[in-house]
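In what follows, a structure is listed as structure tokens, so that the remarks can point back to it.
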There are 2 protein chains.
Amino acid sequence: MEFEKLADILKALADPTRLKILSLLRTRDCCVCELVPIFNISQPAISKHVSRLKTAELVRETRKGQWVFYSINEKRLDEIGYALSNLPDLSEELRKLEQQGLTVTCE
Amino acid sequence: MEFEKLADILKALADPTRLKILSLLRTRDCCVCELVPIFNISQPAISKHVSRLKTAELVRETRKGQWVFYSINEKRLDEIGYALSNLPDLSEELRKLEQQGLTVTCE
DNA sequence: TATACATATAACAATATGGTTATATGGTTT
DNA sequence: AAACCATATAACCATATTGTTATATGTATA
């Protein structure tokens, strides 16, 4: 995964409210009106948080009557964990740097 | 790991420049003056990025003469991957919600 | 159809983020 | 001591983030 895209998904994860929402969704799918009383922020704030998670494909939504239920995309979460433990090999960049004589040698 | 702390570390990771710096450090330790020509941002910008990574304990620094070499803390990175795949169980919170009659049932 | 409820969007404010240039600090070398 | 090089910090700016309140939209129901 490219750095820009990985960074975007990490930004979606990098908020305590959104992490707690994801944790809650591990137990079961929830709709916005269930999440609101758990946090002390407004309904639009919760709505924006789940929307951010949806954009990053960390959750999916399903409308059921007047409610919209959100579910966690565990696969996406594992994908990110994997990407972090397997960051790309950039030794080629460092070799180029060396060819330009820009590396620091220091025994 | 608590949500606040995990979010802080994820914020440190959630930037393409910092992700690339971490990738470079996988190959070998680097000092700031080696990183600067790889990116087209200023030396102080790079300095602030590595400082952010250091605060999150994602890198460690070692002074060698006039240079400061940064090394990756792979353990920390794996820790985060693990935390993401094992978010806490908040079923208790949802049980409380149910007792308050705030859950939505919808067959 | 009118009303009610759940969710999303708009407009705004305060703060955080990521860059800049200028300058200070720490260590090396002449 | 003076000059030099690497790095960090300060002051600043533009933009992004995260919350607010007010309002629009979508669906169900009296």
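Lettering follows sequence order; numbering is per chain, from 1.
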(message) If I take atom CD1 in residue B:Ile46 and atom C1' in nucleotide C:dT21, what distance separates them, rounded to the nearest angstrom?
(response) 16 Å

(request) Answer yes or no: does a side-chain N or O of A:Tyr70 lie under 4.0 Å from OP1 or OP2 of C:dA6? (result) no

(request) Answer yes or no: are there more than 12 heavy-atom neighbours, outside A:Arg26 itself, under 6.0 Å from its atom CZ? (result) yes

(message) The criterion is side-chain hydrogen bond (donor to acceptor under 3.5 Å, both in side chains); which residues satisfy it with A:Asp78, sequence neighbours excluded?
(response) B:Ser85

(request) Go through residues 26-37 of chain B and report each residue with a non-hydrogen atom lying under 4.0 Å from DNA chain D, sorted by number. (result) B:Cys31, B:Val32, B:Cys33

(request) Using the salt bridge (Lys or Arg N to Asp or Glu O under 4.0 Å) rule, collect all pairs that involve residues 82-93 of chain A, keeping only residues at least two apart or in two chains. (result) A:Glu92-A:Arg95, A:Glu93-B:Lys20

(request) Check side-chain hydrogen bond (donor to acceptor under 3.5 Å, both in side chains) between B:Asp29 and all other residues, then give those that pass, not counting sequence neighbours. (result) none

(message) Within the structure provided, determine whether A:Leu84 and B:Leu22 are in side-chain contact (heavy-atom separation under 4.5 Å).
(response) no

Solution key, residues 47-57 of chain B side-chain donor-acceptor pairs under 3.5 Å, sequence neighbours excluded:
unit_1: B:His49; atom_1: ND1; unit_2: B:Arg18; atom_2: NH1; d: 3.0
unit_1: B:Lys54; atom_1: NZ; unit_2: B:Glu61; atom_2: OE1; d: 3.2
unit_1: B:Thr55; atom_1: OG1; unit_2: B:Ser51; atom_2: O; d: 3.0

(message) Please report the distance, rounded to the nearest Å, between CG in A:Leu53 and C1' in C:dT7.
(response) 16 Å

(request) For A:Arg63, check side-chain hydrogen bond (donor to acceptor under 3.5 Å, both in side chains) against everything at least two apart and list the hits. (result) none

(request) Kindly write out the residues that satisfy side-chain hydrogen bond (donor to acceptor under 3.5 Å, both in side chains) with A:Arg28, not counting sequence neighbours, or none if the list is empty. (result) A:Glu34

Just the table, please: protein N/O against nucleotides 24-30 of chain D N/O, every pair under 3.5 Å.
none

(request) Scan nucleotides 10-21 of chain D nucleotide by nucleotide, 5' to 3', and note B when protein non-hydrogen atoms come under 4.0 Å of the base, S if they reach only the sugar-phosphate, - if neither. (result) -------SSBBB

(request) Specify the separation, in whole Å, of atom NZ of B:Lys54 and atom C1' of D:dA8. (result) 10 Å

(message) Using 0.5 Å steps for rounding, measure from the CG atom of B:Leu35 to the SG atom of B:Cys30.
(response) 5.0 Å

(message) My understanding is that only residues two or more places apart in sequence, or in another chain, count here; which of them pass side-chain contact (heavy atoms from CB on, under 4.5 Å) with B:Ala83?
(response) B:Leu6

